[in-house]
Engineer: 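Here it is, the structure in full.
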Amino acid sequence: GVSHVLTLALQELSLLCKRDVNGVGMLYDLLRSRWLQALLKIYECLQHYLGKRPAPVTLQARALSREVVELLREAPQSGEVKELRRLLRSPHLKASPALLSAHDTVAQKDFEPTLPPLPDNIPENEEAMRIVCLVKNNQPLGATIKRHEVTGDITVARVIHGGLADRSGLLYAGDKLVEVNGVPVEGLEPEQVINIL
C-alpha cells in the first residue's frame, strides 16, 4: 500500500541525503514526520473500509419475502420446504414485514454527505468561499463566534486548541459564517447562531 511506497521512497532519499543533494534532507524529514505517517495510516484504513463496505444483497427484501412465501405454497412439500415455511412463521420473523421494510428503506438510502453544487456564474473578484462539514457528536465545536465590529458579519473569534474545529483544520479565526446547517446567519445575533450550531 501507500506505507510500502513511502518506505521505498525513504530508502532512496536516504541514499541521496548522503550525497548532499539540494532539498533532499528537507524532503526526507517531511516524509519521516509522524503526522504524515499517521495521515497515511488513516488513508489506508479508509481505503480498506471503502473496499469492504457491506452492500445489501437486495434493495427489495420485503417483496422477495412475499415472493418466496407464494412459491412455497405451490412447491412440493419436501423436508427443506417444510423447514423454510416453519422458519418464516417463527415468532422472530412474525414482524418480518416491518423488519424487511426497514431493511429496504435503509438499503435504498445514500448516507454519503452531499454538498450543494457551486454556482457557475461566480464573479472573478468574488471572495473565495469554503463549504465546511463538521459532524458533532456530544462534544462542543471548540470555537467561539462574534459579530465583526465594522461589517456586522458573524465571524469565528477563536478556535480552541484541541477542540473539534482545531482537529479538523477546517475553521480559522476570522472566517466569516454565511450559513450554518442550511440556515443563513445574516442578521442573526451570535447567540442565535450558537443555538443553530
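Since the structure is predicted, the reported quantities are computational estimates derived from the model, not experimental observations. Along the sequence shown, residues are numbered consecutively beginning with 1.
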Engineer: Which pair of non-hydrogen atoms, one from Pro76 and one from Val81, has the smallest distance, and what is that distance?
Structural biologist: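 Closest heavy-atom pair between Pro76 and Val81: O-CG2, 3.5 Å.
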Engineer: Could you measure the distance from the CG atom of Leu171 to the CG atom of Leu141? Nearest 0.5 Å is fine.
Structural biologist: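 Output value for this atom pair is 6.0 Å.
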Engineer: Consider only side-chain N and O atoms of Asp153 and Thr155, and report whether a donor and an acceptor are under 3.5 Å apart.
Structural biologist: no
Engineer: Could you tell me if the side chain of Ile154 sits less than 4.5 Å from the side chain of Pro190, heavy atoms only?
Structural biologist: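 Yes. Closest side-chain heavy atoms under 4.5 Å.
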Engineer: Run the side chain to side chain contact (heavy atoms under 4.5 Å, CB included) test on Leu170 and Leu134 for me, step by step, so that the C-alpha distance in whole Å, both residues' side-chain angles and the decisive distance to 0.1 Å come before the verdict.
Structural biologist: CA-CA 8 Å; Leu170 298 172; Leu134 293 176; 3.8 Å; yes
Engineer: Taking atom CD as the centre, does Gln192 end up with more than 12 heavy-atom neighbours from other residues, nucleotides or ligands that are less than 6.0 angstrom away?
Structural biologist: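 More than 12 within 6.0 Å, yes.
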Engineer: Start with the C-alpha distance between Leu188 and Ile196, add both sets of side-chain angles, then the distance that settles side chain to side chain contact (heavy atoms under 4.5 Å, CB included), and finish with yes or no.
Structural biologist: CA-CA 11 Å; Leu188 296 180; Ile196 299 171; 3.8 Å; yes
Engineer: Do you know which two heavy atoms are closest between Gly142 and Ala165, and how far apart they sit?
Structural biologist: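 Answer, listing the atom of Gly142 first, then Ala165: O-CB, 4.1 Å.
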Engineer: Filter on salt bridge (Lys or Arg N to Asp or Glu O under 4.0 Å), then keep only pairs touching residues 183-196, sequence neighbours left out; what's left?
Structural biologist: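 Passing the test, one end in residues 183-196: Arg147-Glu189.
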Engineer: Are the side chain of Thr151 and the backbone of His148 linked by a donor-acceptor contact shorter than 3.5 Å?
Structural biologist: no
Engineer: Looking at Ala173 and Ala157, what are the two nearest heavy atoms and their distance?
Structural biologist: CB-O, 3.7 Å
Engineer: Quick one: list whatever passes salt bridge (charged side-chain N to carboxylate O under 4.0 Å, His left out) with Glu83, sequence neighbours left out.
Structural biologist: Arg86
Engineer: Would you sort out whether Asp166 and Ile160 count as a side chain to side chain contact (heavy atoms under 4.5 Å, CB included), showing the intermediate values?
Structural biologist: CA-CA 6 Å; Asp166 179 49; Ile160 298 164; over 6 Å; no
Engineer: Flag yes if Val193 and Val132 sit in one hydrophobic cluster, no otherwise; membership is Ile, Leu, Val, Met, Phe, Trp, Tyr, and two members link when side-chain heavy atoms are under 4.5 Å apart.
Structural biologist: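 They do share one cluster, since a chain of ILVMFWY contacts under 4.5 Å joins Val193 to Val132.
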Engineer: Could you tell me whether the side chain of Val178 reaches within less than 4.5 Å of the side chain of Lys176, counting heavy atoms only?
Structural biologist: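 Side-chain contact under 4.5 Å: yes.
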Engineer: If the condition is side-chain contact (heavy atoms from CB on, under 4.5 Å), which residues does Leu84 pass it with, not counting sequence neighbours?
Structural biologist: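 Applying side-chain contact (heavy atoms from CB on, under 4.5 Å) to Leu84 gives Val68, Leu72, Leu88.
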Engineer: I need the minimum non-hydrogen distance between Arg167 and Gly162, along with the two atoms involved.
Structural biologist: NH1-O, 2.7 Å
Engineer: According to a 4.5 Å side-chain heavy-atom criterion applied to Ile, Leu, Val, Met, Phe, Trp and Tyr, with indirect links allowed, do Tyr172 and Leu177 form part of one hydrophobic cluster?
Structural biologist: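 No.
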